[in-house]
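To keep things clear, I will list the structure first and then write my remarks on it.
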Amino acid sequence: VKRLELTLPGRSEVFIGDGALEALTPTSGRLAVVVDENVERLHGERLRGLWQGHRCEWMTVPSGERHKTLRTAEALYERLGALRLERGERVVAVGGGVTGDLAGFVAATWRRGVEFIQVPTTLLAMVDASVGGKVAVDLPQGKNLVGAFHPAAQVLVDPSFLTTLPVRERWAGLAEVVKTALLAGGPLFDAVDDGLEAIAAGRSDATPVIESCVAYKAEVVARDPVERGERAVLNLGHTLGHALETAGGFERLLHGEAVAWGLRAALSLSGLDDARARRLVERLPCVSLAGLTRDEVIGHVRGDKKSEGGEPRFVLLDAVGKPRFGVRLDERRWTAEVDRLLALGAE
Ligand SMILES: NC(=O)c1ccc[n+]([C@@H]2O[C@H](COP(=O)([O-])OP(=O)(O)OC[C@H]3O[C@@H](n4cnc5c(N)ncnc54)[C@H](O)[C@@H]3O)[C@@H](O)[C@H]2O)c1
Ligand SMILES: [Zn+2]
């Protein structure tokens with residue numbers, strides 16, 4: 001098991017590898033373990049066995065973005081209230097980014113904040129969502145509108161969860177992996193370039209790639225914990241990606257599927273003449289964009305969280321490993337890119 005330490009506001013330890021679950025720090029207090037229903041069904045028994053020495057109170061939450069709401073949070077507050085969970089006790093999230101964001105939000109707000117532990121079970125959550133301290137729930141008005149910075153004291157990454165992850169979800173996670181490879185360059189880029197399909201098919205161990213992605217995100221986040229600047233590079237491919245995801249009503253496209261399209265756009269807007277980078281991005285499956293309307297997508301780009309006064313900001317690449325953030329682009333350029341994506345994805 002590899003151990004990484006992050007300095008966020010507070011200290012965060014990440015354990016990666018088989019056996020990571022056993023790194024859970026023992027304390028005398030209880031653990032409110034919030035677990036995704038699918039993960040509970042597939043891995044619940046193993047988890048109960050592994051953690052039988054801890055005082056776990058299990059609470060299952062329904063799967064899916066549409067449950068990342070104040071309503072589900074309220075149901076959890078009721079359970080915590082019935083248990084009288086105290087300040088010194090802990091909340092553990094076991095699941096993908098939805099469960100992590102939701103349980104993290106509850107941990108951040110319950111009695112003004114209790115210690116939080118993340119056990120990511122999707123590739124996306126392992127390489128991205130569980131690291132960095134952002135937690136949130138959605139409102140009808142938008143995604144992640146109510147949230148907090150509440151870094152997990154421990155992140156326990158056990159790659160064996162991935163054996164049961166559906167292939168569509170693996171590819172969605174790999175889009176964030178490709179994003180990180182483009183940002184970091186170097187050995188991570190080479191490893192992803194060599195192993196992409198093998199990881200998607202579960203034929204090769206994803207552990208080294210997960211480690212490098214976490215290390216990269218940890219570095220960026222440590223330099224800019226509450227996103228005043230540099231952390232924005234992590235939004236490579238996300239300005240257009242989010243807009244497509246939103247235009248699809250969060251049901252048509254998974255987050256990573258939208259990001260895969262967004263990365264194509266980012267490379268083209270960067271004018272990057274790098275055949276290897278372009279080929280890598282094109283190896284991510286492109287799901288159909290049929291039925292998404294141009295005006296809607298453009299409206300969502302303008303309304304992006306990171307836009308200022310309706311003017312979107314982009315992350316571009318000067319080269320693989322050399323991102324630039326906060327870039328303004330001529331409106332004609334990025335709307336033409338929206339047209340190009342919608343045409344490519346029309347079948
Ligand atoms: N906080 C952050 O920094 C951050 C970063 C990126 C994304 N996010 C959030 O993460 C969420 C997306 O996360 P996600 O892609 O993990 O989706 P998810 O949590 O919805 O999980 C995807 C699906 O996989 C299932 N699942 C989870 N683990 C499994 C396993 N081991 N085997 C089989 N099935 C499994 C779940 O039940 C669900 O149906 C979004 O809400 C997004 O906003 C947060
Ligand atoms: Zn993302």
Side-chain angles (χ1 to χ4, degrees), residues 8 34-44 46-47 60-69 72 93-105 108 116 118-138 142-152 155 157-180 183 202 206 213-214 217-218 220-221 225-227 231 233-242 244-246 250-251 253-263 266 305-306 315:
L8 293 158
V34 178
V35 53
D36 173 285
E37 60 181 336
N38 291 321
V39 176
E40 155 71 34
R41 179 168 45 77
L42 294 160
H43 301 276
R46 178 169 74 103
L47 285 165
T60 306
V61 285
S63 123
E65 185 74 32
R66 68 176 195 288
H67 296 290
K68 200 176 104 178
T69 57
T72 319
V94 185
V98 164
T99 310
D101 279 11
L102 168 75
F105 177 78
F116 178 43
Q118 292 250 42
V119 179
T121 64
T122 64
L123 184 57
L124 185 128
M126 290 179 188
V127 300
D128 191 356
S130 67
V131 181
K134 287 188 185 179
V135 297
V137 294
D138 303 334
K143 246 183 83 146
N144 297 329
L145 280 183
V146 191
F149 281 98
H150 193 65
V155 182
V157 182
D158 176 354
S160 77
F161 280 112
L162 299 178
T163 54
T164 57
L165 191 69
V167 68
R168 186 178 172 199
E169 297 288 348
R170 279 166 180 279
W171 275 115
L174 283 169
E176 300 284 2
V177 169
V178 167
K179 175 196 82 177
T180 312
L183 292 171
C213 288
V214 170
K217 183 164 180 183
V220 172
V221 167
V226 293
E227 195 156 349
R231 186 168 175 164
V233 299
L234 301 171
N235 288 315
L236 180 70
H238 281 59
T239 310
L240 293 192
H242 273 149
L244 295 170
E245 189 184 5
T246 312
F250 297 100
E251 289 192 346
L253 296 125
L254 297 176
H255 175 73
E257 292 171 337
V259 168
W261 279 112
L263 290 174
K305 256 193 309 202
K306 269 88 188 179
V315 182

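The residues of the chain are indexed from 1 along the displayed sequence. As the structure lists them, so they are numbered: ligands from 1, and atoms in each ligand from 1.
Protein heavy atom closest to atom 39 (O) of ligand 1, with residue, atom name and distance, is Ser63 OG, 3.1 Å. Annotation: atom 36 (C) of ligand 1 to nearest protein heavy atom, Asp36 OD2, 3.4 Å. Looking from atom 28 (N) of ligand 1 to the surrounding protein, the closest heavy atom is Thr121 OG1, 2.7 Å. Looking only at protein heavy atoms, the nearest one to atom 12 (C) of ligand 1 is Leu124 CD2, 3.9 Å. When only non-hydrogen protein atoms are considered, atom 32 (N) of ligand 1 lies nearest to Thr164 OG1, 2.7 Å. Among protein heavy atoms, the minimum distance from atom 44 (C) of ligand 1 is reached at Asp101 OD2, 3.3 Å. Ranking protein heavy atoms by distance to atom 40 (C) of ligand 1, first place goes to Glu65 OE1, 3.2 Å. Of the protein's non-hydrogen atoms, Gly97 N, 4.1 Å is the one closest to atom 17 (O) of ligand 1.
As for His255, its N/O/S atom nearest the Zn ion (ligand 2) is the one called NE2. Take the N/O/S atoms of His238: the one nearest the Zn ion (ligand 2) is NE2.
Applying the 4.0 Å criterion to heavy atoms of Leu42 picks out, from ligand 1, the atoms 32 (N), 33 (C). Of all atoms in ligand 1, listed by their number and element, those nearer than 4.0 Å to a heavy atom of Asn38 are 36 (C), 37 (O), 39 (O). Taking a cut-off of under 4.0 Å to the non-hydrogen atoms of Asp128, the atoms of ligand 1 that pass are 5 (C), 6 (C).
The number of heavy-atom neighbours closer than 6.0 Å to CZ of Arg46, taken from other residues, nucleotides and ligands shown, is above 12.
Heavy atoms of Ala129 found under 4.0 angstrom from ligand 1 belong to the backbone as well as the side chain. If you look at Val135 next to ligand 1, there are no close heavy atoms at all, none under 4.0 Å. When heavy-atom distances to ligand 1 are checked against a 4.0 Å cut-off, Asn144 comes that close only through its side chain, counted from C-beta outward. At a heavy-atom cutoff of 4.0 Å, ligand 1 is contacted by the side chain of Val39 but not by its backbone.
Ion pairing between Glu257 and Arg168 holds under the 4.0 Å rule for side-chain N and carboxylate O.
Among Leu165, Val35, Val221, the residue whose heavy atom lies nearest to atom 26 (N) of ligand 1 is Leu165. In the candidate list Lys143, Lys134, His238, His255, Lys143 is nearest to atom 42 (C) of ligand 1, counting heavy atoms. With distances taken over non-hydrogen atoms, the option nearest atom 23 (C) of ligand 1 out of Glu37, Arg170, Glu169 is Glu169.
Residue contacts to the Zn ion (ligand 2): Glu176 brings an N, O or S atom closer than 2.8 Å.
The line from OG1 of Thr121 to NE2 of His43 is 7.0 Å long, rounded to the nearest 0.5 Å. Rounded to the nearest 0.5 Å, atoms CG (Leu124) and SG (Cys213) are 10.5 Å apart. Taking CD of Glu40 as the start and OG1 of Thr60 as the end, the distance is 4.5 Å to the nearest 0.5 Å. A distance of 9.0 Å separates CG in Leu102 from CZ in Phe105, rounded to the nearest 0.5 Å. Distance CG/Leu165 to OG1/Thr122: 6.5 Å, rounded to 0.5 Å. Here OG1 of Thr180 is found 9.0 Å from CG of Leu236. Values are rounded to the nearest 0.5 Å.
Looking at heavy atoms from C-beta onward, Asp138 lies in side-chain contact with Asn144 at the 4.5 angstrom threshold. Side chains of Val221 and Val131 form no contact here, defined as non-hydrogen atoms less than 4.5 Å apart. The side-chain heavy atoms of Val61 and Thr99, taken from C-beta on, include a pair separated by under 4.5 Å.
Using modelled atom types, one finds a donor on one side chain and an acceptor on the other under 3.5 Å when comparing Thr72 with Thr69.
By the 3.5 Å distance cut-off applied to N or O atoms, Lys68 is counted among the residues near ligand 1. Taking distance alone, with nitrogen or oxygen atoms compared against 3.5 Å, Phe161 approaches ligand 1 more closely than that limit.
Ligand 1 lies less than 4.0 angstrom from a heavy atom belonging to Lys217.
A donor-acceptor contact shorter than 3.5 Å links the side chain of Thr164 to the backbone of Phe161.
Put simply, the residue from Lys143, Glu65, Glu176 that forms a side-chain hydrogen bond (donor to acceptor under 3.5 Å, both in side chains) with His255 is Glu176.
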